[in-house]
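Here's the structure, in structure tokens; my notes come after.
Count residues from 1 along the sequence.
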Amino acid sequence: DTFEAIEDWHHYAILELMKVAAFKTKPKWLAQALGISVSEVRACIERLQRVGLLEIRPDGSWHDRSEGFSTHILSENESTIAHRRSQKKLLELAIDALEKTVIEKRDQSSMMMATSSSKIAEAKKRIRAFRQELCDFLEDTEEKDTVYQLAISVFPLTESIKNVNPD
């Protein structure tokens, strides 16, 4: 169940939708907001409760118990199959957004640079800090009306020049 919650973006989207002013606990509303079926929403809600990320109290109120739960459950330099599948799906969603979402509501850009692979560990630390800083900025509002996904990638496009045979 935990791996399913990690892998499927719908679970975290439900937790984030709870912060939106117009949020409704109705599976039909959630299904429409996420573009998925009511049965998928119900399965996500049940799984979130089983793994302890969502509490539905006797009075019907919902409480996010994720407390910063991360899909990086092994370490910063290891990942799970579920995490990799989750990231793959999010990248596919980013491709869809590139085609279907007006530019005013998205930003997708990239940069290419030559660097030393020895700087990547520090780059990863800076990316983590930037993600958290941007998240804090974006969530610091009373008027939450949309759930956004931020995806940042840094990866080599070439082999290390040291390993390239000049012949």
(request) Measure the spacing between CG of L134 and CD1 of I127 and express it to the nearest 0.5 Å. (result) 13.0 Å
Could you pull out every donor-acceptor pair under 3.5 Å between side chains of residues 21-32 and any protein atom, sequence neighbours left out?
none

(request) Please report the shortest heavy-atom distance between E139 and K144, naming the atom on each side. (result) O-NZ, 2.9 Å
Under 3.5 Å, which donor-acceptor pairs do the side chains of residues 88-99 form with other protein atoms, sequence neighbours left out?
none

(message) Quick one, E122 and K119 - any side-chain contact, counting heavy atoms below 4.5 Å?
(response) no
(request) To the nearest 0.5 Å, tell me how far M112 CE sits from S110 OG. (result) 6.5 Å
(request) Drop me the distance from L53's CG to H11's NE2, to the nearest 0.5 angstrom. (result) 9.0 Å
(request) Carefully, step by step, assess I56 and I45 under the rule side chain to side chain contact (heavy atoms under 4.5 Å, CB included). (result) CA-CA 9 Å; I56 300 178; I45 292 168; 3.9 Å; yes
(message) With heavy-atom distances below 4.5 Å as the criterion, would you say the side chains of L54 and M18 are in contact?
(response) yes
(request) Using side chain to side chain contact (heavy atoms under 4.5 Å, CB included) as the criterion, list what pairs up with R84, not counting sequence neighbours. (result) S79, I81
(request) Find the distance between CG (L17) and NE2 (H10) and round it off to the nearest 0.5 Å. (result) 11.0 Å
(message) Quick check: is V41 connected to V38 through a chain of hydrophobic side chains (ILVMFWY, heavy atoms under 4.5 Å apart)?
(response) no
(request) Decide salt bridge (charged side-chain N to carboxylate O under 4.0 Å, His left out) for R42 and E46; before the verdict, give the C-alpha distance in whole Å, the side-chain angles of both, and the deciding distance to 0.1 Å. (result) CA-CA 6 Å; R42 285 191 177 114; E46 290 170 11; over 6 Å; no
(request) Quick one: pull up OG1 in T146 and CG in L138 and give me the separation to the nearest 0.5 Å. (result) 11.5 Å
(request) For residues I14 and L34, determine if any side-chain heavy atom of one lies less than 4.5 Å from a side-chain heavy atom of the other. (result) yes
(request) To the nearest 0.5 Å, tell me how far R65 CZ sits from L15 CG. (result) 12.0 Å
(request) Please check if the side chain of Y148 supplies one atom and the backbone of R106 the other of a donor-acceptor pair under 3.5 Å. (result) no
(request) Heavy atoms only: give me the nearest R131-R128 pair and the separation to one decimal. (result) NH2-CG, 3.1 Å
